[in-house]
Amino acid sequence: MTRLRKQVFSLLEGWGRADRLGRTIDRALVALILVNVAAVTLETLPGWDAAYGAWFFMLEIVSVGVFTLEYLVRLWAAAEDPDQGGGGGAAGDWRRRLRYAVRPIALVDLAAILPFYLTLFGLIPPMDGRALRAVRMLRILKLTRYSVAIQSIAAVFRNERRTMAAALLIVFIALHLSATAAYLAESAAQPDKFGSIPQAMWWALATLTTVGYGDVVPVTPVGRVVGSAVMVLGIGLFVLWTGLFASSFVDELRRRDFKVTWQMVGQAPVFADLDAADVAEIARLLRPLIAPERTMIVRAGERAENMYFVVSGEVEVELPPKPQKLGPGDFFGEVGLLYGPTRDATVVALSDTRLLVLDHESLFDVMEKHASVAATIRQTARTRRAESGVVDALG
């Protein structure tokens with residue numbers, strides 16, 4: 001059961017989503033979400049609810065069933081989430097599930113199905129059509145689970161909330177100072193538009209954000225000078241926000257890439273005996289590579305420069321008299337680096353394959369620091385050379 005739970009967690013949340021089955025599940029769920037959004041939108045057209053109400057209701061039943069199953073399976077598999085902590089045993093599993101259940105993305109999943117059941121069991125009064133459609137439209141938020149970019153943006157706001165709050169405070173101060181200056185300059189000439197600081201705030205906000213509706217504009221010379229200064233200030237504030245967000249976004253992408261690589265390293269059997277600190281150290285040396293189906297990864301005769309670890313997918317090593325297939329947990333390229341300098345075999349991806357790449361200098365550093373890894377790699381290389389009878393085979 002634990003092994004099955006780990007496989008399910010990998011398919012739904014982990015690196016296994018790169019496999020064909022994981023991608024198929026994600027695409028099917030995304031398609032169902034988009035169909036739901038389209039249905040909610042079409043229901044608002046005059047006459048559509050009356051004409052196609054039965055079809056819309058059938059879609060709602062199927063969608064709630066699928067989303068309920070998805071939520072329960074994710075909650076069950078969350079016991080294998082290493083990021084949730086919680087300790088060991090059954091109690092630790094439930095603590096991890098509880099921590100998962102209160103995450104924003106899990107709350108979105110719950111919000112997508114909870115109103116249906118609350119209404120079904122009479123716990124809340126039936127909603128009118130508009131309120132029900134508004135609640136169902138919240139399902140579009142489930143798309144954030146399948147978009148790395150949106151998740152990264154949300155993480156940037158979460159990680160940089162204090163810095164962004166300080167930037168927002170600067171905007172608040174600039175807004176009030178701009179409105180005050182405009183009030184002093186224009187209140188006599190345009191009392192209907194700049195008669196008070198709250199009235200002037202509309203113009204200050206439109207100008208600071210560079211929107212400039214044009215419905216309220218300064219007419220006095222001093223007011224126009226103030227307006228020019230506020231325009232320049234608004235550009236500067238946007239530059240501040242853009243720089244802050246861009247740098248934080250890049251940092252978040254780096255953290256995410258490292259986390260993905262760390263998880264992938266942990267799945268490689270050759271590193272199974274290493275502790276978390278050693279895995280993190282090796283993860284910094286590796287770089288992920290995705291090879292689409294039928295892509296040539298290495299070519300016979302080229303100089304050996306990298307070693308490759310298969311995380312998911314399958315590759316074929318073109319060796320006489322019979323090609324060999326390697327899958328998750330296997331590695332190749334070590335023979336060329338150990339006995340090189342060139343490769344005597346071509347390796348092609350049989351399916352969409354996720355790899356970890358280690359250059360020759362990093363390989364020798366890792367082998368020097370970790371005897372168990374060195375022994376495994378050297379033994380595998382000797383075995384392959386002996387089995388193939390070809391010098392540098394699989395290299």
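Since we're looking at a predicted model, the values are computed, not measured.
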Exam field: side chain T353 to backbone E314, donor-acceptor pair closer than 3.5 Å:
yes
Decide yes or no for L59 and W55: does some side-chain heavy atom of the first lie under 4.5 Å from some side-chain heavy atom of the second?
no
When the side chains of residues 40-52 are checked against the rest of the protein, which donor-acceptor pairs come out under 3.5 Å, sequence neighbours left out?
from : atom 1 : to   : atom 2 : distance (Å)
T41  : OG1    : V37  : O      : 2.8
E43  : OE1    : R136 : NH1    : 2.8
E43  : OE1    : R136 : NH2    : 3.0
T44  : OG1    : T41  : O      : 2.6
D49  : OD2    : R133 : NH2    : 3.4

Test side chain to side chain contact (heavy atoms under 4.5 Å, CB included) on R287 and N306 and set out the steps.
CA-CA 11 Å; R287 59 182 178 87; N306 299 309; 4.0 Å; yes
Any side-chain heavy-atom pair of Y71 and L114 under 4.5 Å
no
Quick check: do D359 and E305 have side-chain heavy atoms less than 4.5 Å from each other?
no
Parallel, tilted or perpendicular: which describes the rings of Y308 and F332, with under 30° parallel and over 60° perpendicular?
parallel
Under a 3.5 Å distance rule, please check whether Q199 uses its side chain to pair with a backbone N or O of Y183 as donor and acceptor.
no
Quick one: which of L175, T209, V171 gives a side-chain contact (heavy atoms from CB on, under 4.5 Å) with L237?
V171
State, yes or no, whether a side-chain contact exists between T346 and E316 at a heavy-atom distance under 4.5 Å.
no
Taking the side chain as every heavy atom from C-beta outward, state whether F331 and M307 have any pair of such atoms under 4.5 Å apart.
yes
Return yes when atom CZ of R382 has more than 12 non-hydrogen atoms of other residues, nucleotides or ligands closer than 6.0 Å, and no otherwise.
yes
